[in-house]
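To start, the structure itself, in structure tokens.
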Amino acid sequence: MDLVLNVADHYVLTPYVYPLSWPEDTALRQIISLLVVTNLGITVLYLGVGWLSYQLIFDHNLMKHPLFLKNQVWREIRHAMTSLPIISIPTVALFFIEVKGYSKLYDNVEESSTDWPFVLFSMISFVLFTDGCIYWIHRFLHHRCIYKHFHKKHHVLKIPTPFASHAFHPLDGFLSSLPYHVYPFLFPLHKVLYLALYIFVNIWTVSIHDGNYRMPGPLQEVFNGAAHHTDHHLFFNVNYGQYFTLWDRIGGSYQNPSVLEGKGPLDCIRRLTAEGKISSNGANDNGSGTKSKEE
């Protein structure tokens, strides 16, 4: 984040926001700047990627499903937009520690042990490390003593849209992102790569909520995509993984996606339409879905 701060200071903050008498390396100024930049960045990323995914990828026929909630899209956005500023507070605390040089982030490729091969290795290890950590954090959040207090709000969304991707309780959301922040304190990582990976994981989070169940056959066995994650929302205790199916297989929580067996949400909609229980236009086309038991 020091790279982001340097750019923000050079082009915006120093000449137009802060007085020249306030040094750029002052702790309070850096914390305020990090709060502004972090909140602005995640808002643009969430709403921008979410909107593109909702418009171009999300199958709007899913809004006909009986479990799609009334005004669900606006509920998802409202939930996310009220939680993200709170999540940003502990996140900025970790960013501030990174800016002060206490992490293992480095500036130049030459500083790594084997130059570019190590950069590639660290990218792979970041994904594998965070995937394993998030799996177990996710399972912890499903523990009966924890679930109802934090993670349940996210699971009210049985048929999620891309905007559900960040609709978490603040503590739930921060814990789920914690492995991304822990990694550079444990292992060397290039700063630009870290920023790119941080953007990537947010986009991936949107993608597994986008209702696009299509993925080449062999990859369905390896990657935890929207088909797997939709089943997690529907059936609660399966497919906890973030990127891969590996930890679900190890932990005994893997379930073959219902969409591959002709039992997915769209199959349900087609069956109910054929039975005359849903109109051909869909009762929920305008987001006016039914209420769930949780609601």
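Computed from a predicted structure; not experimentally measured. The figures here come from the full heavy-atom set of this structure, side chains too, leaving out hydrogens, waters and symmetry mates.
- Remark: the Asp248 side chain and the Ser253 side chain contain an N/O donor-acceptor pair separated by less than 3.5 Å.
- The OG atom of Ser103 lies 10.5 Å from the CG atom of Leu94; values are rounded to the nearest 0.5 Å.
- With contacts defined as side-chain heavy-atom distances shorter than 4.5 Å, the pair Trp136/Trp247 qualifies.
- Using a cut-off of 4.0 Å between Lys/Arg side-chain N and Asp/Glu carboxylate O, Arg249 and Glu221 are scored as salt-bridged.
- Residue-environment remark: NZ (Lys153) stays at or below the threshold of 12 foreign heavy atoms within 6.0 Å.
- Close placement of the Tyr243 and Trp204 rings is indicated, their centers lying within 6.0 Å of each other.
- Residues His209 and His229 bring their aromatic ring centres within 6.0 Å.
- Residues Lys64 and Ile278 approach most closely at O-CD1, 3.4 Å, considering heavy atoms.
- The number of heavy atoms from other shown groups lying within 6.0 Å of CZ (Phe235) is above 12.
- No path of Ile, Leu, Val, Met, Phe, Trp and Tyr side chains, each step under 4.5 Å between heavy atoms, connects Leu3 with Val36, placing them in separate hydrophobic clusters.
- For Phe95 and His181, the gap between ring centers is short of 6.0 Å.
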Test log, rule side-chain contact (heavy atoms from CB on, under 4.5 Å), inputs Leu13 and Arg29: CA-CA 10 Å; Leu13 300 180; Arg29 170 173 165 165; 4.2 Å; yes
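- Remark: the backbone N or O of Asp9 is paired with a side-chain donor or acceptor of Thr14 at under 3.5 angstrom.
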Full working for side-chain contact (heavy atoms from CB on, under 4.5 Å) between Ser83 and His169: CA-CA 6 Å; Ser83 293; His169 181 283; 5.7 Å; no
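- Within the 4.5 Å cutoff, no side-chain heavy atoms of Val109 are placed close to those of Phe118.
- With rounding to the nearest 0.5 angstrom, the CZ atom of Arg139 is 12.0 Å from the CG atom of Leu141.
- Of the possible donor and acceptor atoms, one in the side chain of Gln72 sits under 3.5 Å from a partner among the backbone N and O of Ile159.
- Screening Leu197, Asn202, Ile203 for a side-chain contact (heavy atoms from CB on, under 4.5 Å) with Ile199, the sole residue that qualifies is Ile203.
- If you look at His166 and His79, their ring centroids are not closer than 6.0 Å.
- Annotation: side chain of Glu98 is in contact with side chain of Tyr194 (closest heavy-atom distance under 4.5 Å).
- Rounding to the nearest 0.5 Å places CG of Leu219 at 10.5 Å from CZ of Phe244.
- Using a distance-only test at 3.5 Å, with no hydrogens or angles considered, no donor-acceptor pair links the side chain of His233 to the main chain of His155.
- Atom CH2 of Trp74 sits in a sparse spot, with 12 or fewer heavy atoms from other residues, nucleotides or ligands closer than 6.0 Å.
- Aromatic ring centres of Phe185 and Tyr102 lie farther apart than the 6.0 Å criterion allows.
- Looking at Asp2 and Lys100, no side-chain N of the basic residue comes within less than 4.0 Å of a carboxylate O on the acidic one, giving no salt bridge.
- From Asn212, atom CG reaches atom CG of Leu56 across 11.5 Å, with rounding to the nearest 0.5 Å.
- Within the 3.5 Å criterion, the main-chain N or O of Phe174 finds a donor-acceptor partner in the side chain of Ser177.
- Inter-residue side-chain proximity for Gln30 and Phe96 is flagged as met; some heavy-atom pair is nearer than 4.5 Å.
- Judged by distance alone, with hydrogens and angles left aside, the side-chain atoms of Asn239 form no donor-acceptor pair with the main-chain N or O of Asp231 at under 3.5 Å.
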Could you give me the CA-CA distance, side-chain angles and deciding distance for Val99 and Leu5, then say whether side-chain contact (heavy atoms from CB on, under 4.5 Å) is met? CA-CA 9 Å; Val99 167; Leu5 278 187; 4.3 Å; yes
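- With rounding to the nearest 0.5 angstrom, the CZ atom of Phe200 is 8.5 Å from the OH atom of Tyr180.
- Under the 6.0 Å cut-off for aromatic ring centres, Phe236 and Tyr147 qualify, their centroids lying closer than that.
- A donor and an acceptor atom, one from each side chain of Tyr183 and Ser125, are located under 3.5 Å apart.
- The closest side-chain heavy-atom distance from Val259 to Pro265 is below 4.5 Å.
- Between Tyr16 and Tyr11, the gap from one ring centroid to the other reaches at least 6.0 Å.
- When every heavy atom of Thr245 is checked against every heavy atom of Gln220, the shortest pair comes out as CG2-O, 4.2 Å.
- Put simply, the side chain of His190 never gets that close to the backbone of Val119: no donor and acceptor are under 3.5 Å apart.
- Hydrophobic clustering, with ILVMFWY side chains joined whenever heavy atoms are under 4.5 angstrom apart, groups Val201 together with Val127.
- Residues His149 and Cys145 share a closest heavy-atom pair of CD2-O, 3.3 Å.
- With values rounded to the nearest 0.5 angstrom, Leu69 atom CG is found 11.0 Å from Met63 atom CE.
- Using a 4.5 Å heavy-atom cutoff, the side chains of Tyr18 and Ser33 are in contact.
- Side-chain contact between Phe121 and Pro117 is absent, with no heavy-atom pair separated by less than 4.5 Å.
- Panel note: side chain Asp267, backbone Gly264; a donor-acceptor pair is recorded below 3.5 Å.
- Aromatic rings from His142 and His151 are positioned such that their centres are separated by under 6.0 Å.
- The shortest heavy-atom contact between Thr38 and Ser88 is CG2-CB, 4.3 Å.
- Remark: aromatic rings of His232 and His228 are distant, center separation not under 6.0 Å.
- The minimum heavy-atom distance between Pro90 and Ile86, with the atom names listed, is CD-O, 3.3 Å.
- Less than 6.0 angstrom separates the ring centroid of His60 from the ring centroid of Tyr54.
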Assess the residue pair Phe150 and Phe168 against the criterion (side-chain contact (heavy atoms from CB on, under 4.5 Å)); give the C-alpha distance rounded to whole Å, side-chain angles, the decisive distance to 0.1 Å, and a yes or no. CA-CA 8 Å; Phe150 305 112; Phe168 290 100; over 6 Å; no
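- In this structure the side chain of Tyr213 reaches within 4.5 angstrom of the side chain of Leu266, judged on heavy atoms.
- No hydrogens or angles considered: a donor-acceptor pair under 3.5 Å links the side chains of Glu76 and Thr161.
- Checking Asn256 against Glu261 by side-chain atom types alone, a donor-acceptor pair falls below 3.5 Å.
- Checking Asp59 against Asn61 by side-chain atom types alone, a donor-acceptor pair falls below 3.5 Å.
- Closest of all the heavy-atom pairs between Val206 and Gly50 is CG1-CA, 4.2 Å.
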